[in-house]
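Note sheet for the following structure.
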Amino acid sequence: MLLIDPSVTPYSSPARIQAWVERLEALLSDREVREDPESVRAVEGYLVMARDWLSEAVHEAVEPSV
Amino acid sequence: MTEEEPPGAAAPFNPEIGELARRIRIETLRLNDFADLNIAEAAEVIRHEPVEHALIYQPSGRVLAYAKSRLGKPKEVTIPMREARHLSGNVFIHNHPDDESFSYQDTWLLLRHGVREVRAYGPTRAFVMRSQRETRTFTYLNAAEGLDALIATYLKVQRETTPAFRELVREGTFSEAEAWAAQTHAIMRTIAEIYAFTYAEL
């Protein structure tokens, strides 16, 4: 059972969030994760969350609020 | 006349060596190192660590399992299956180096794996959640949909609360870490109400 906590936040830079997205994508190929359906679901959930954050962070970088 | 002191006895304290010794000690921690420590004492050992450590305790205070984060991955902890069997009915403690509250995976330990109490200790903040009679729990049969629902709920609350905390970071009221700690605390208050478990900051 792999327990993960986010290593970035919704307010992190796009580059940092992108790095976490890539780490999560890599985890989906990790043998230990693939052997445990709950770990797979958890990582997939974090991926949804991280991609959300990335999209928002990129948007903020292009159009900073005033 | 000054009596000659044994080698090393009068060596001046060097904070760098002290820190190095502490790091070597923490890097080599094993289950047995916690055998004489109660939960509060174990929490003090791990709460300032930059990488995550996890322990399973019996409510009586006997330690059953210890795991630390994967090499080079400070926030990923593997609980081997042989250790996971100890989760049910016991206390799970771990550290959160960034002071944040629980993740949905931590919450799942309570709702699906029968953990009696989950604690997260950061350098300055600590949180606890406890199962109670009314808590919505999940069995093997409804685990998949239960976990999907928990994740969806967590993400929904997280999305709803993010704009306000992002604004606090932008205006300099909170650092990134402080905002995430406060936001996860707010998320967990809502999740605890929905799933009917006890949640508090220690």
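Letters go in sequence order (proteins before strands), and every chain restarts at 1.
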Practice prompt. For this output row, return yes or no: ring centroids of B/Tyr104 and A/Tyr46 closer than 6.0 angstrom.
Written response: yes

Worksheet item: Do A/Pro6 and B/Lys75 touch side chain to side chain, with heavy atoms closer than 4.5 Å?
Response: no

Fill in: Distance, nearest 0.5 Å, that separates OG1 of A/Thr9 from CZ of B/Phe174
13.0 Å

Response to the item:
So CD of B/Glu52 and OG of A/Ser7: to nearest 0.5 Å the spacing works out to 10.0 Å

Worksheet item: Do B/Thr162 and A/Glu56 have side chains that get closer than 4.5 Å, going by heavy atoms?
Response: no

Item to complete: Decide whether B/Gln183 and A/Tyr11 meet the rule of one side-chain donor and one side-chain acceptor closer than 3.5 Å.
Response: yes

Response to the item:
The interface call for B/Glu100 against chain A, heavy-atom contacts under 4.5 Å, is side chain

Discussion item. At a heavy-atom distance under 4.5 Å, which candidate from B/Glu83, B/Arg112, B/Arg70, B/Arg159 has the highest pair count against chain A?
Written reply: B/Arg70

Practice prompt. Side chain from CB out, backbone as N, CA, C, O: work out which of these in B/Ala67 comes under 4.5 Å of a heavy atom of chain A, or both, or neither.
Written response: neither

Item to complete: Could you tell me which portion of B/Phe102 (side chain, backbone, both or neither) has an atom closer than 4.5 angstrom to a non-hydrogen atom of chain A?
Response: neither

Discussion item. Heavy-atom cut-off 4.5 Å, strictly under: side chain, backbone, both or neither for B/Ile79 against chain A?
Written reply: both

Fill in: Side-chain heavy atoms of A/Leu3 within contact of B/His94, under 4.5 Å
no

Discussion item. Could you go through A/Asp30 and B/Glu76, starting from their C-alpha distance and side-chain angles, then the distance that decides it, and tell me whether this counts as side chain to side chain contact (heavy atoms under 4.5 Å, CB included)?
Written reply: CA-CA 13 Å; A/Asp30 183 301; B/Glu76 297 175 18; over 6 Å; no

Discussion item. Go through it in stages, so that I can follow the logic: the residues are A/Arg41 and B/Glu145, the test is salt bridge (charged side-chain N to carboxylate O under 4.0 Å, His left out), and I'd like the CA-CA distance, side-chain angles, deciding distance and then a yes or no.
Written reply: CA-CA 10 Å; A/Arg41 279 189 150 77; B/Glu145 60 192 69; over 6 Å; no

Worksheet item: Is chain A contacted by the side chain of B/Ala144, its backbone, both, or neither, given a heavy-atom distance below 4.5 Å?
Response: both

Item to complete: Measure distances from B/Phe92 to the heavy atoms of chain A and classify the residue's part below 4.5 Å as side chain, backbone, both or neither.
Response: side chain

Response to the item:
Minimal heavy-atom distance between B/Met81 and A/Met1, with the atoms involved, is SD-N, 3.9 Å

Response to the item:
For B/Arg166 and A/Pro10 the tightest heavy-atom approach is NH2-O, 2.8 Å

Worksheet item: So, do A/Val48 and B/Ile151 sit near enough that their side-chain heavy atoms are less than 4.5 Å apart?
Response: no

Worksheet item: Side chain, backbone, both or neither: which part of B/Leu150 has an atom under 4.5 Å from a heavy atom of chain A?
Response: neither

Worksheet item: Quick one: are B/Gln105 and A/Glu38 in side-chain contact, heavy atoms under 4.5 Å?
Response: no

Discussion item. Quick check: do B/Lys73 and A/Leu27 have side-chain heavy atoms less than 4.5 Å from each other?
Written reply: no

Discussion item. Counting C-beta onward and ignoring hydrogens, is there a side-chain heavy-atom pair between B/Gln158 and A/Trp53 closer than 4.5 Å?
Written reply: yes

Fill in: Neighbour count above 12 (heavy atom, 6.0 Å) for B/Arg116 CZ
no

Discussion item. Which atoms of B/Val169 are under 4.5 Å from chain A, going by heavy atoms: the side chain, the backbone, both sets, or neither?
Written reply: side chain

Discussion item. Counting neighbours of CZ on A/Arg34 that are heavy atoms of other residues, nucleotides or ligands and sit closer than 6.0 Å, is the number greater than 12?
Written reply: yes

Discussion item. Can you confirm whether more than 12 heavy atoms, excluding those of B/Glu193, are under 6.0 Å from its CD atom?
Written reply: no

Worksheet item: Atom OG of B/Ser69 and atom CD1 of A/Ile4: how far apart are they, to the nearest 0.5 Å?
Response: 12.5 Å

Worksheet item: In terms of heavy-atom proximity below 4.5 Å to chain A, should B/Leu168 be classed as side chain, backbone, both, or neither?
Response: neither

Item to complete: Would you mind checking which part of A/Asp52 comes under 4.5 Å of any heavy atom in chain B, side chain (CB onward), backbone (N, CA, C, O), both or neither?
Response: side chain

